[in-house]
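Only one structure is covered here, and it is reproduced in the block below.
What's counted below: heavy atoms across the whole structure, side chains too, no hydrogens, waters or symmetry copies. Atoms within a ligand are numbered from 1 in the order they appear, just like the ligands themselves. Just so you know, these numbers come straight off a predicted model, no measurement behind them.
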Amino acid sequence: MSRFDAIVIGGGQAGPSLAGRLTAAGMIVAVVERRFLGGTCVNTGCTPTKTLVASAQVAHAARRAADYGIVVEGAIRVDMARVKARADAVSADSRTGLERWLRGMTGCTFIEGHARFEGPDRVRMGHELLTAPRVFVNVGARPSVPALPGVDAVPFLTNRTILELDHLPEHLVVVGGSYIGLEFAQMYRRFGARVTIVEKAPRLIAREDADVSEAIRDIVAGEGVAVRTGAECIRLARHEKGVEVAVDCAEGAPTIVGSHVLLAVGRRPNTDDLGLEKAGVATDGRGYITVDDSLATNVPGIWALGDCNGRGAFTHTAYNDFEIVAANLLDGEHRRVADRIPAYALYVDPPLGRVGKTETEARATGRPLLIGKRPMSRVARAIEKGDTRGFMKVVVDAGTRKILGAAILGTGGDEAIHGVLDVMNAGAPYDVLQRAVPIHPTVSELIPTMLGELQPDGGK
Ligand SMILES: Cc1cc2nc3c(=O)[nH]c(=O)nc-3n(C[C@H](O)[C@H](O)[C@H](O)COP(=O)(O)OP(=O)(O)OC[C@H]3O[C@@H](n4cnc5c(N)ncnc54)[C@H](O)[C@@H]3O)c2cc1C
């Protein structure tokens with residue numbers, strides 16, 4: 001049995017950085033990874049998808065070149081093999097950089113293999129048994145395959161396997177109109193495929209406000225993506241041209257035939273094959289490891305970080321989990337997950353930047369609200385860049401004057417939202433942002449203007 005001061009299971013977005021802090025503090029640490037260092041984000045998530053989104057953006061811009069007075073001779077052609085090779089290379093660079101850092105880390109042993117608990121302080125990989133008084137679980141999540149009728153009888157893609165495509169599907173049917181599905185749908189449409197989104201809920205990306213859903217639908221539909229919402233009874237069957245997707249059982253089955261089907265209907269934590277029961281670690285009904293506000297599990301000496309604890313589903317939340325655990329263990333701090341303000345982006349183009357509560361969530365608190373909204377068609381920067389799709393919106397607590405949440409769907413929305421996020425993190429009232437002098441011309445410069453035009457909520 002090999003003894004360590006700490007074992008990190010999973011080399012995703014929290015584990016390697018935590019190993020860096022622990023070893024710098026003098027601990028001897030083992031990091032175990034069963035597949036690729038960097039986890040989902042680097043290998044099958046953020047990095048390859050945002051690289052592909054960038055290629056798709058160039059294809060879109062090239063097709064629109066004439067709108068900007070630029071002449072492109074001949075037809076635009078997308079070379080999918082090169083698009084894929086570019087995404088693979090960006091991911092590989094990131095992964096190998098991480099691997100070099102971890103392998104060269106003094107005090108760190110990197111072990112490749114699948115780890116399973118054998119007890120609260122011991123972990124097995126094949127014949128190897130490791131023990132440590134501290135175990136950090138950073139095992140992430142994987143695509144969940146829904147129990148749709150027919151799913152076992154048809155070939156389908158997941159967010160992982162679609163990255164292996166080096167050719168253009170003739171017709172991609174995306175089941176699931178939320179964050180992952182929307183990014184792939186717009187991207188593949190821009191690459192030149194026919195694309196249909198099939199969504200069970202009455203609207204796309206149903207966790208967002210209805211006006212955000214509607215504007216996103218307009219954006220993707222405006223580029224030729226077919227959208228079928230309210231598909232309550234999705235069924236799959238083999239078809240000579242690929243896969244037949246039945247989308248409406250109530251009215252006797254209108255169907256869509258796709259050459260390829262992508263299932264983008266959520267993720268599930270990698271906790272079912274971890275031997276958690278042998279360590280006595282509790283999970284919730286969906287398999288997420290139960291943690292307190294410091295990310296400690298119910299078993300002393302075991303922490304859970306990243307997607308597997310159900311407290312976040314993003315790279316920045318996984319990384320922040322590392323910061324919280326490291327600060328509390330090594331710096332004598334008392335940082336808590338509850339202090340984190342939710343923020344994220346959806347990388348359709350133009351992107352959606354989001355922070356804090358939606359308007360719907362803010363209204364559910366019963367507090368008196370002030371709401372500001374401005375279409376991107378009234379943002380000079382958007383007009384100059386030739387993309388006025390979307391809008392920005394902010395929701396303020398009328399009593400405390402603090403911002404409760406905001407959405408910026410529009411060009412630069414993923415960056416501009418940080419102005420709002422920073423003021424919320426500072427705990428300052430909205431007046432601070434309203435009186436700031438932003439740079440012209442930017443998307444951010446209209447945030448103070450919007451705050452100057454807040455209206456009392458009509459209680460819609
Ligand atoms: C298509 C897609 C796009 C995304 N885009 C974004 C984005 O733009 N921005 C964003 O913030 N987030 C994005 N995400 C989410 C982001 O990738 C995850 O939130 C993030 O990777 C979570 O990090 P993690 O460390 O918790 O887990 P992971 O990164 O999944 O790492 C977990 C690691 O643990 C390993 N592992 C699992 N079980 C074991 C075991 N038993 N033994 C050993 N090793 C094990 C896995 O192989 C994996 O390497 C995206 C996700 C997807 C799927």
Please step through side chain to side chain donor-acceptor pair (under 3.5 Å) for the pair Arg217 and Thr229, ending with a clear verdict. CA-CA 10 Å; Arg217 184 180 182 133; Thr229 45; 3.0 Å; yes
Using a 4.0 Å cut-off to any heavy atom of [X], which atoms of ligand 1 qualify?
{"X": "Cys41", "value": "17 (O), 21 (O), 29 (O)"}
{"X": "Tyr347", "value": "8 (O)"}
{"X": "Leu274", "value": "41 (N)"}
{"X": "Gly306", "value": "26 (O)"}
{"X": "Phe36", "value": "49 (O)"}

Verdict with reasoning, Val137 to Leu274, per side-chain contact (heavy atoms from CB on, under 4.5 Å): CA-CA 10 Å; Val137 183; Leu274 197 52; 3.7 Å; yes
Quick one: does [X] get a heavy atom under 4.0 Å from ligand 1?
{"X": "Arg160", "result": "no"}
{"X": "Cys308", "result": "no"}
{"X": "Thr44", "result": "yes"}

Quick test: of every protein heavy atom, which one is nearest to [atom], and how far off is it to 0.1 Å?
{"atom": "atom 31 (O) of ligand 1", "result": "Gly12 CA, 3.2 Å"}
{"atom": "atom 14 (N) of ligand 1", "result": "Cys46 SG, 3.9 Å"}
{"atom": "atom 8 (O) of ligand 1", "result": "Lys50 NZ, 2.8 Å"}
{"atom": "atom 2 (C) of ligand 1", "result": "Gly45 CA, 3.5 Å"}
{"atom": "atom 11 (O) of ligand 1", "result": "Thr315 N, 2.9 Å"}
{"atom": "atom 29 (O) of ligand 1", "result": "Thr40 N, 2.9 Å"}
{"atom": "atom 18 (C) of ligand 1", "result": "Asp307 OD2, 3.3 Å"}
{"atom": "atom 42 (N) of ligand 1", "result": "Ala115 N, 2.9 Å"}

Less than 6.0 angstrom from the centroid, inside 45 degrees of the normal: does Lys373 satisfy that with respect to the ring of Phe391? yes
Flag this pair as yes if the NZ/CZ of Arg95 is under 6.0 angstrom from the six-membered ring centre of Phe36 and inside a 45 degree cone about the axis; otherwise no. yes
Test salt bridge (charged side-chain N to carboxylate O under 4.0 Å, His left out) applied to Glu208 and Arg354, step by step: CA-CA 9 Å; Glu208 303 296 338; Arg354 276 272 301 113; 2.7 Å; yes
Mind running side-chain contact (heavy atoms from CB on, under 4.5 Å) on Met27 and Leu330 for me, showing each step along the way? CA-CA 11 Å; Met27 290 191 204; Leu330 303 172; 4.1 Å; yes
Would you say Ala313 and ligand 1 have an N/O pair spaced under 3.5 Å apart?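 Yes, since at least one N or O of Ala313 sits under 3.5 Å from an N or O of ligand 1.
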Tell me whether Phe184 has any N or O atom under 3.5 angstrom from an N or O of ligand 1.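 No, since none of the N or O atoms of Phe184 sits under 3.5 Å from an N or O of ligand 1.
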Which value, rounded to the nearest 0.5 Å, describes the distance between Glu333 atom CD and Glu323 atom CD? 10.5 Å
How are the rings of Phe314 and His316 set relative to one another: parallel (under 30°), tilted (30 to 60°) or perpendicular (over 60°)? parallel
From [atom], work out which of [options] has a heavy atom at the shortest distance.
{"atom": "atom 24 (P) of ligand 1", "options": "Asn138, Leu52, Leu37", "result": "Asn138"}
{"atom": "atom 46 (C) of ligand 1", "options": "Arg35, Met125, Glu33", "result": "Glu33"}
{"atom": "atom 36 (N) of ligand 1", "options": "Arg34, Glu183, Arg267", "result": "Arg34"}

Any donor-acceptor pair under 3.5 Å linking the side chain of Thr47 with the backbone of Asn43?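 Answer holds: no.
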Could you tell me whether the side chain of Arg389 and the main chain of Asp349 form a donor-acceptor pair under 3.5 Å?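 Side chain of Arg389 to backbone of Asp349, a donor-acceptor pair under 3.5 Å: yes, one is there.
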Residue pair Val299 / Gly280: nearest heavy atoms and the distance that separates them: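 The answer is CG2-O, 3.4 Å.
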